[in-house]
> 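Input: one structure, supplied below.
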Amino acid sequence: MATERTFSIIKPDATRRNLTGAVTAMLEEAGLRVVASRRIQMTREQAEGFYAVHAERPFFADLVGFMVSGPVVIQVLEGENAVARNREVMGATNPANADEGTIRKVHAESIEANTVHGSDSAENAAIEIAYFFKPEEIVG
Ligand code: UDP
């Protein structure tokens with residue numbers, strides 16, 4: 001398996017509880033390397049565009065409100081099989097269903113405030129990375 005990149009967000013519930021380092025350590029321990037990172041306050045427009053695929057879902061308005069409720073840390077992660085590896089260490093969307101030792105099991109507050117985002121495919125990873133980062137901001 002070749003080296004791959006994926007896109008990660010440390011969500012507002014985690015930055016609020018000062019967990020940026022703890023979450024990043026779990027990503028690094030899973031074999032992922034942070035090759036770009038920026039702390040931002042997402043605008044409503046950015047959050048709506050990022051989650052456009054969920055626009056018709058009942059949780060969309062709340063999700064956008066949550067994502068703009070505080071700072072987030074956007075990251076590009078690199079490693080072998082990075083997309084799947086990140087999804088594994090993140091754990092299930094609903095922390096109640098997440099495996100022991102995963103980021104969401106350890107840190108998530110709820111199905112919405114679930115600490116991290118991670119791309120679900122290599123194709124979406126490329127789209128999501130380009131949504132927030134210029135190529136020169138990624139240093140592998
Ligand atoms: N979400 C929510 N309610 C739900 C399902 C999802 O608030 O019933 C939020 C949650 O923050 C999740 C995000 O919407 O991480 C995107 O949902 P998705 O199904 O893509 O889950 P993920 O890929 O993040 O595990």
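One-based numbering, in listed order, for ligands and for the atoms of each. We number each residue from 1, following the sequence as shown. We use all heavy atoms of the structure for the numbers below, so side chains are in, but hydrogens, waters and symmetry mates are not. Every value quoted in this text rests on a predicted model; they were computed, and no experiment measured them.
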> Tell me: protein heavy atom nearest atom 4 (C) of ligand 1, and distance?
Phe59 CD2, 3.4 Å
> Does at least one non-hydrogen atom of Met67 fall below 4.0 angstrom from an atom of ligand 1?
no
> Looking at ligand 1, does Asp120 have a heavy atom less than 4.0 Å from it?
no
> Between Phe7 and Phe50, is the ring centre distance below 6.0 Å?
yes
> List in chain and number order the residues that pass side chain to side chain contact (heavy atoms under 4.5 Å, CB included) with Arg33, two or more places apart in sequence or in another chain; answer none if no residue qualifies.
Val35
> Got the closest protein heavy atom to atom 10 (C) of ligand 1, with its distance?
Ile111 O, 3.2 Å
> Check each heavy atom of His54 against ligand 1 and say whether those closer than 4.0 Å belong to the side chain, the backbone, both or neither.
side chain
> Starting from atom 9 (C) of ligand 1, which protein heavy atom do you reach first, and at what distance in Å?
Leu63 CD1, 3.8 Å
> Any sub-3.5 Å donor-acceptor pair from Arg5's side-chain atoms to Ala82's backbone N or O?
no
> So, for Gln46 and Phe132, which heavy atoms are closest and what is the spacing to 0.1 Å?
NE2-CE2, 3.8 Å
> Hey, does the side chain of Glu4 reach the backbone of Val83 with a donor-acceptor pair shorter than 3.5 angstrom?
yes
> Is it true that a side-chain atom of Arg104 and a backbone atom of Thr115 form a donor plus acceptor pair closer than 3.5 Å?
no
> Does an N or O from Tyr51, backbone or side chain, lie closer than 3.5 Å to an N or O of ligand 1?
no
> In terms of residue, atom name and distance, what is the protein heavy atom nearest to atom 12 (C) of ligand 1?
Asn114 ND2, 3.6 Å
> Without swapping roles, check the side chain of Arg17 against the backbone of His107 for a donor-acceptor pair under 3.5 Å.
yes
> If you have a sec, work out which protein heavy atom is nearest atom 24 (O) of ligand 1 and how many Å separate them, to one decimal?
Arg104 NH2, 3.0 Å
> Kindly confirm or rule out an N or O of His117 lying under 3.5 angstrom from an N or O of ligand 1.
no
> I'd like to check whether Arg57 has a polar contact with ligand 1, where a contact means an N/O of the residue lying under 3.5 Å from an N/O of the ligand.
no
> Give the table of side-chain donor-acceptor pairs shorter than 3.5 Å for residues 92-103, with sequence neighbours excluded, one pair per line with atom names and distance.
from: Asn94; atom 1: OD1; to: Ala96; atom 2: N; distance (Å): 3.0
from: Thr102; atom 1: OG1; to: Asp99; atom 2: O; distance (Å): 2.7
from: Thr102; atom 1: OG1; to: Lys105; atom 2: N; distance (Å): 3.3

> Considering all heavy atoms of both residues, which atom of Ala36 and which atom of Glu137 are nearest to each other, and what is their separation?
CB-O, 3.5 Å
> Using a 4.0 Å heavy-atom cut-off, which part of Thr93 comes near ligand 1: side chain, backbone, both, or neither?
both
> Taking non-hydrogen atoms only, is Arg87 closer than 4.0 angstrom to ligand 1 via side chain, backbone, both or neither?
side chain
